Amino acid sequence: MFHQHYENELLGVITKKLNSAFEVSIDYRIIQCRLAGGLKRNKPKQSAKQGKDASLTGITVGDEVRVRLIGSNEGVITALLPRRSGFGRRAALSMPDKYPHEQIIAANIDQVLAVFSVAQPDPHWNLLDRYLVACEDAGVSAVICMTKVDLIEHQNPQSVQETTPILDDFRRIGYPVILTSVRTGEGLDELRSILSGRLSLVIGKSGVGKSSLLNALPAGGGLRVGDVNPITGKGRHTTTHLEMLPLKGGGAVIDTPGMREFGLWDIAADELAARFPEMRDFLGKCKFGLSCVHDEEPGCAVRKAVMDGRISPRRYRSYLRLRGAA
Ligand SMILES: Nc1nc2c(ncn2[C@@H]2O[C@H](COP(=O)(O)OP(=O)(O)OP(=O)(O)O)[C@@H](O)[C@H]2O)c(=O)[nH]1
Ligand SMILES: [Zn+2]
């Protein structure tokens, strides 16, 4: 959120994406913008990750853009700056012609906060594995945030027993795990510090408590007064649009409303294994070398590591399942 003169144009960051308009933060001011005619939106022609031309895909929240001001709080987006990172999903599977590749959900993010509740609903570990593979693929770090830890005794008996070892597995692999509850306040300081100064994309299924969590974080400058409802404390943001929420003390979070589907795209089997950090040490050490897909091949170093307890059997099963789906 900075500005710089460029032939009467300013640089800004997209903080909100509406149907045909954008909000752009320029020097802490929100400017309502539309796209210049030349910038076509939602017509991805190729996968856009780091270094590739982002203008080929939909411009989205987190993108840095050049804006020509018209009036005091309106402008036209005239150019898109190169992306540092893009986090996507396979969009609209029923329309492969329209969206042949991944759709970038958010641009330039530093980390993903993957949110799951310990209960109501019980955690969906395979979905978490899928999120983490997508993070590895995008080259973005991931933080696992468990919510509603006050409800731990309400988990079904089987999942109570499995939760702690599964979270320990994730920690061992290197993913930070935060345990939170907005009811007791547990973990909220830790969450604040991990979000501070970074742009984080918050993902998780509806009902896991994302909104409650974000509303429990102190907002920073740049939010409009109208977004806060001082009576109920609710409604700081709606969950109908992708929107960036600045945090007090720096950093911002992007909420992902209505994220129902979450596919993986174009990840070849050999690349998929490399998206499981705990498997990386064993890749290339199988009898069949890099051609091993670590399923039923003899002399597979990955499967041996599973047998030896160095790779979690649950994560390995998740790998096999994703490989089948890839
Ligand atoms: N016990 C308990 N309940 C919580 C906690 N956080 C959220 N909830 C409840 O979980 C339900 C869902 O919370 P939301 O914050 O609306 O969940 P969400 O993930 O934002 O859901 P969407 O808005 O549909 O995306 C609500 O009934 C909350 O009151 C918590 O820490 N403890
Ligand atoms: Zn193998």
Side-chain angles (χ1 to χ4, degrees), residues 105 112-124 127-128 131 144-156 160 163 178-192 200-217 227 229 232-243 245 253-262 268-276 278-308 310-311 313 315-317 319-320 322-323:
I105 299 172
V112 163
L113 191 74
V115 182
F116 287 82
S117 45
V118 296
Q120 299 176 12
D122 279 350
H124 183 341
L127 180 64
L128 174 54
Y131 287 168
I144 299 167
C145 180
M146 301 304 298
T147 58
K148 312 190 193 182
V149 294
D150 57 286
L151 289 181
I152 195 104
E153 67 271 23
H154 295 277
Q155 270 187 310
N156 75 55
V160 170
T163 297
I178 313 180
L179 305 176
T180 66
S181 165
V182 298
R183 295 277 159 85
T184 65
E186 180 177 346
L188 296 181
D189 283 341
E190 198 186 344
L191 179 65
R192 266 181 222 119
S200 309
L201 180 72
V202 182
I203 59 177
K205 284 173 70 149
S206 177
V208 296
K210 293 190 305 298
S211 307
S212 306
L213 205 59
L214 297 184
N215 284 330
L217 299 170
D227 282 345
N229 180 335
T232 64
K234 288 185 183 162
R236 191 173 100 194
H237 65 281
T238 63
T239 47
T240 53
H241 303 289
L242 199 58
E243 183 170 11
L245 308 165
V253 290
I254 301 173
D255 198 4
T256 50
M259 214 171 88
R260 293 217 175 74
E261 69 205 281
F262 198 92
D270 53 335
E271 291 179 6
L272 180 63
R275 305 293 182 265
F276 283 74
E278 70 271 45
M279 293 187 185
R280 282 178 199 149
D281 281 351
F282 305 103
L283 302 182
K285 295 182 179 160
C286 305
K287 185 174 172 199
F288 293 132
L290 291 173
S291 68
C292 187
V293 296
H294 324 299
D295 192 349
E296 310 220 304
E297 296 92 335
C300 171
V302 169
R303 219 179 47 248
K304 182 167 185 302
V306 177
M307 304 298 183
D308 294 347
R310 283 183 288 170
I311 290 175
R315 287 272 292 173
Y316 176 64
R317 282 195 300 276
Y319 159 78
L320 291 178
L322 286 174
R323 201 178 72 77

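Hydrogens, waters and symmetry mates play no part in the numbers below; they use all other heavy atoms, side chains included. Both counts, for ligands and for their atoms, begin at 1 and track the order of listing. These figures come from a predicted structure and were not determined experimentally.
- At least one side-chain heavy atom of Pro298 sits under 4.5 Å from a side-chain heavy atom of Phe288.
- Around the CD atom of Glu296, the shell of radius 6.0 Å holds no more than 12 heavy atoms that belong to other residues, nucleotides or ligands.
- At a heavy-atom distance under 4.0 Å, atoms from both the backbone and the side chain of Val208 approach ligand 1.
- Side-chain atoms of Val302 and Leu283, non-hydrogen and from C-beta on, do get closer than 4.5 Å to each other.
- By the 30° and 60° cut-offs, the orientation of the rings of Phe276 relative to Tyr319 is perpendicular.
- Angle SG (Cys300) to the Zn ion (ligand 2) to SG (Cys286): 120°, rounded to 10°.
- Proximity annotation for atom 24 (O) of ligand 1: of Ser206, Ser181, Gly204, Pro121, Ser206 comes nearest, heavy atoms only.
- Checking only distances, Thr180 never comes within under 3.5 Å of ligand 1, N or O to N or O.
- Nearest approach of Lys148 to Gly209, heavy atoms of both residues: CE-N, 4.2 Å.
- Numbered from 1 in the order shown, with element, the atoms of ligand 1 that lie under 4.0 Å from a heavy atom of Lys210 read 15 (O), 17 (O), 18 (P), 19 (O), 20 (O), 25 (O).
- When side chains are defined from C-beta on, Leu213 counts as touching Cys145, because their heavy atoms get closer than 4.5 Å.
- Taking each of Ala216, Gly187, Ser212, Gly185 in turn, the one with a heavy atom nearest to atom 15 (O) of ligand 1 proves to be Ser212.
- Residue Asp150 has at least one heavy-atom neighbour below 4.0 Å for each of these atoms of ligand 1: 1 (N), 2 (C), 30 (C), 31 (O), 32 (N).
- Counting only heavy atoms from C-beta outward, the side chains of Leu217 and Leu188 never approach each other to under 4.5 Å.
- Residue-level check: among N/O/S atoms of His294, ND1 sits closest to the Zn ion (ligand 2).
- Proximity of Leu151 to ligand 1 is established by a heavy-atom distance of less than 4.0 Å.
- Within the 4.0 Å heavy-atom shell around ligand 1 one finds Gly207.
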